[in-house]
Protein chains: 2
Amino acid sequence: MEHDPALPDLSQEADQLKTVLNKEGFRFTSQRQKILDLFQAAALGHHLSAEEIHQQLLDQGEKISFSTIYRALHVMVRLSLLQELELAEGRKYYELNTPFMDQHHHLVCVHCGAVKEFEDATMAQVGSSESAARGFSLLNCQFTVYGICPSCQPLLG
Amino acid sequence: MEHDPALPDLSQEADQLKTVLNKEGFRFTSQRQKILDLFQAAALGHHLSAEEIHQQLLDQGEKISFSTIYRALHVMVRLSLLQELELAEGRKYYELNTPFMDQHHHLVCVHCGAVKEFEDATMAQVGSSESAARGFSLLNCQFTVYGICPSCQPLLG
DNA sequence: GGGATTATTGAAAATCATTTTCGCTATTCA
DNA sequence: TGAATAGCGAAAATGATTTTCAATAATCCC
Ligand SMILES: [Mn+2]
Ligand SMILES: [Mn+2]
Ligand SMILES: [Zn+2]
Ligand SMILES: [Zn+2]
């Protein structure tokens with residue numbers, strides 16, 4: 001079957017995931033592909049939790065266990081396909097990883113949990129220089145700003 | 001009993017905690033004072049978890065339940081006496097709160113958990129301007145840099 | 001000071017996200 | 001294609017944190 005060059009090359013994406021996995025001794029599975037697909041289909045600025053991944057796959061008729069989801073997330077973080085975020089209470093969130101200099105940061109409403117993203121090159125600079133100054137090898141930076149969003153402000157003091 | 005002006009005025013510190021608590025309808029208790037004392041006695045740059053608070057109080061002969069510790073931490077965060085930190089895996093850490101413009105940030109070794117603090121006024125500026133730009137009322141910022149510390153680097157690739 | 005009111009405590013049980021166990025299945029590779 | 005074994009699902013386990021509830025103690029008023 002030919003591939004229409006006007007459409008996204010999904011079969012090649014699959015090949016790419018397989019390549020990345022196999023390079024480190026992991027196996028390609030349909031579950032891992034489906035999870036990665038969710039991230040690639042997600043709206044910009046939308047962060048996914050294990051719970052939401054499970055629900056989205058259920059919604060599209062895929063049955064998958066939480067253990068598989070958690071294992072896949074860990075593998076993809078280790079392969080730098082995903083980034084783990086400590087946005088707010090209780091659970092972890094994940095998003096597609098981006099090159100270090102392109103990383104964005106987060107503004108979180110502590111009342112309703114709304115998240116806004118913003119970019120600022122200062123963060124990467126400060127992170128680089130601070131880690132260099134102390135001999136750390138830098139992995140990534142997270143700048144999280146907590147506040148009350150405009151919709152929640154009237155509801156409080 | 002007179003107070004020796006050459007010694008730290010611990011009774012006044014207690015009064016201060018009582019005042020802050022009562023102002024918001026909370027009661028002063030010896031447990032809350034002992035927990036706050038641990039933070040005031042802790043080395044600069046040392047962050048305490050509920051587990052460590054429990055252990056330190058045990059070590060000094062004080063019996064206290066985890067429920068009390070968690071409740072005290074929540075109250076003191078609400079009163080801005082403490083700040084909650086999402087430094088690394090699994091558990092939360094706490095430290096004495098500082099005025100917004102004096103806040104420091106953290107460099108964390110993902111291998112051994114070592115934490116280094118650093119100050120950088122840029123963070124507060126970026127946090128303020130980003131939250132203002134989106135109409136958020138700013139509560140606080142956390143800039144966390146993850147990496148591998150110098151002692152752990154030889155142990156890995 | 002003493003007593004009523006009710007926030008706080010401790011112990012135990014409950015939650016809840018995440019991890020582990022284990023028998024079975026599917027991927028990799030020769 | 002077949003052996004070796006990584007990965008899967010289901011269920012049990014974990015571990016930090018939260019809740020429940022009866023007993024205790026801080027605050028307030030007299
Ligand atoms: Mn994001
Ligand atoms: Mn600190
Ligand atoms: Zn909000
Ligand atoms: Zn280290």
Side-chain angles (χ1 to χ4, degrees), chain A residues 11 14-36 47-58 61-79 81-82 84-94 110 113, chain B residues 11 14-36 47-58 61-79 81-82 84-94 110 113:
Chain A
S11 63
D15 282 356
Q16 286 173 8
L17 176 57
K18 181 175 194 311
T19 303
V20 172
L21 285 166
N22 290 352
K23 187 180 311 175
E24 301 292 331
F26 297 106
R27 293 182 182 175
F28 173 84
T29 67
S30 66
Q31 290 90 339
R32 287 170 179 176
Q33 182 65 62
K34 283 169 192 153
I35 291 171
L36 185 56
H47 308 96
L48 298 174
S49 63
E51 171 65 37
E52 187 166 358
I53 290 168
H54 186 253
Q55 189 55 55
Q56 286 197 22
L57 288 179
L58 273 192
E62 307 290 349
K63 196 153 90 52
I64 189 172
S65 74
F66 273 104
S67 13
T68 299
I69 294 173
Y70 282 112
R71 283 182 290 230
L73 290 171
H74 293 162
V75 168
M76 293 196 261
V77 167
R78 198 175 332 171
L79 298 177
L81 294 170
L82 298 181
E84 183 178 274
L85 301 175
E86 317 270 354
L87 288 182
E89 289 314 296
R91 65 189 50 183
K92 289 176 185 153
Y93 289 87
Y94 298 82
V110 300
Chain B
S11 62
D15 282 354
Q16 287 174 7
L17 176 56
K18 182 176 195 311
T19 302
V20 172
L21 286 166
N22 290 351
K23 187 181 310 174
E24 300 294 331
F26 298 107
R27 293 181 182 176
F28 173 85
T29 67
S30 66
Q31 290 89 337
R32 287 170 178 174
Q33 182 65 62
K34 283 167 193 154
I35 291 172
L36 185 57
H47 308 95
L48 297 175
S49 64
E51 172 65 35
E52 187 166 357
I53 290 168
H54 187 253
Q55 189 56 55
Q56 285 198 22
L57 288 179
L58 273 192
E62 308 288 349
K63 196 150 93 50
I64 189 173
S65 75
F66 273 103
S67 13
T68 299
I69 293 172
Y70 282 111
R71 283 183 288 229
L73 290 171
H74 293 162
V75 167
M76 292 195 258
V77 166
R78 199 175 331 170
L79 297 177
L81 294 171
L82 297 181
E84 184 178 272
L85 301 175
E86 317 269 353
L87 288 182
E89 289 315 296
R91 64 188 52 182
K92 289 176 185 153
Y93 289 86
Y94 298 83
V110 301

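Labels below follow one simple rule: chain letters A, B, ... track the order of the sequence lines, proteins then strands, and each chain is numbered from 1. We use all heavy atoms of the structure for the numbers below, so side chains are in, but hydrogens, waters and symmetry mates are not. In this text the structure is predicted, and so the values were computed from the model without any measurement.
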Colleague: Where do B:Y93 and B:E84 land on the side-chain contact (heavy atoms from CB on, under 4.5 Å) test, with the steps shown first?
Modeller: CA-CA 6 Å; B:Y93 289 86; B:E84 184 178 272; over 6 Å; no
Colleague: Grab the N/O contacts between the protein and nucleotides 25-29 of chain D below 3.5 Å, and write none if there aren't any.
Modeller:
| unit_1 | atom_1 | unit_2 | atom_2 | d |
| --- | --- | --- | --- | --- |
| D:dA26 | O3' | B:F28 | O | 3.4 |
| D:dA26 | N3 | B:R27 | NH1 | 3.1 |
| D:dT27 | OP1 | B:K18 | NZ | 3.4 |
| D:dT27 | OP1 | B:N22 | OD1 | 3.1 |
| D:dT27 | OP1 | B:N22 | ND2 | 3.4 |
| D:dT27 | OP1 | B:F28 | N | 3.2 |

Colleague: Is there a side-chain contact (heavy atoms from CB on, under 4.5 Å) between B:L79 and B:F26 once you walk through the steps?
Modeller: CA-CA 10 Å; B:L79 297 177; B:F26 298 107; 4.1 Å; yes
Colleague: State which residues pass side-chain hydrogen bond (donor to acceptor under 3.5 Å, both in side chains) with B:E52; sequence neighbours excluded, sorted by chain then number.
Modeller: B:H46, B:Q56
Colleague: Between the two ends of the helix from C:dG1-D:dC30 to C:dA30-D:dT1, what is the bend in degrees, rounded to 10 degrees, where each end axis spans five pairs?
Modeller: 50°
Colleague: Which residues pass the side-chain hydrogen bond (donor to acceptor under 3.5 Å, both in side chains) test with B:H54, sequence neighbours left out?
Modeller: none
Colleague: Please encode protein proximity along nucleotides 13-24 of chain D as a string of B, S and -, counting only heavy-atom distances under 4.0 Å.
Modeller: ---SBBBB----
Colleague: Rounded to the nearest 0.5 Å, what separates atom CD in A:Q33 from atom CD in A:Q16?
Modeller: 9.5 Å
Colleague: Considering residues at least two apart in sequence or located in another chain, which fulfil the side-chain hydrogen bond (donor to acceptor under 3.5 Å, both in side chains) criterion with A:Q55?
Modeller: A:D59
Colleague: Let me have the donor-acceptor pairs involving side chains of residues 68-78 of chain B, under 3.5 Å, with sequence neighbours excluded, atom names and distances please.
Modeller:
| unit_1 | atom_1 | unit_2 | atom_2 | d |
| --- | --- | --- | --- | --- |
| B:T68 | OG1 | B:S65 | OG | 3.1 |
| B:R71 | NE | B:S67 | O | 3.3 |
| B:H74 | ND1 | B:Y70 | O | 3.4 |

Colleague: How many angstroms lie between CG in A:L82 and OH in A:Y94, if you round to the nearest 0.5 Å?
Modeller: 8.5 Å
Colleague: Could you state the atom-to-atom distance from NZ of A:K23 to P of D:dA6 in whole Å?
Modeller: 20 Å
Colleague: With A:E62, which residues qualify under salt bridge (Lys or Arg N to Asp or Glu O under 4.0 Å), at least two apart?
Modeller: A:K34
Colleague: Please round to the nearest 0.5 Å and tell me the distance separating atom CG of A:L81 and atom CG of A:L17.
Modeller: 6.5 Å
Colleague: Could you tell me from which nucleotide to which nucleotide of DNA chain C, 5' to 3', there is an atom under 4.0 Å from chain A heavy atoms?
Modeller: C:dA17 to C:dT28
Colleague: Please report the interatomic distance CD1(A:I64) to CD1(A:I35), rounded to the nearest 0.5 Å.
Modeller: 4.0 Å
Colleague: Given atom NZ of A:K34 and atom P of D:dG7, what is their separation to the nearest angstrom?
Modeller: 16 Å
Colleague: Please find the pair of heavy atoms, one from A:F28 and one from A:N22, that lie closest to each other, and give the distance.
Modeller: N-OD1, 3.9 Å
Colleague: Provide the full list of salt bridge (charged side-chain N to carboxylate O under 4.0 Å, His left out) pairs with a residue in residues 24-33 of chain A, sequence neighbours left out, each pair given once.
Modeller: none
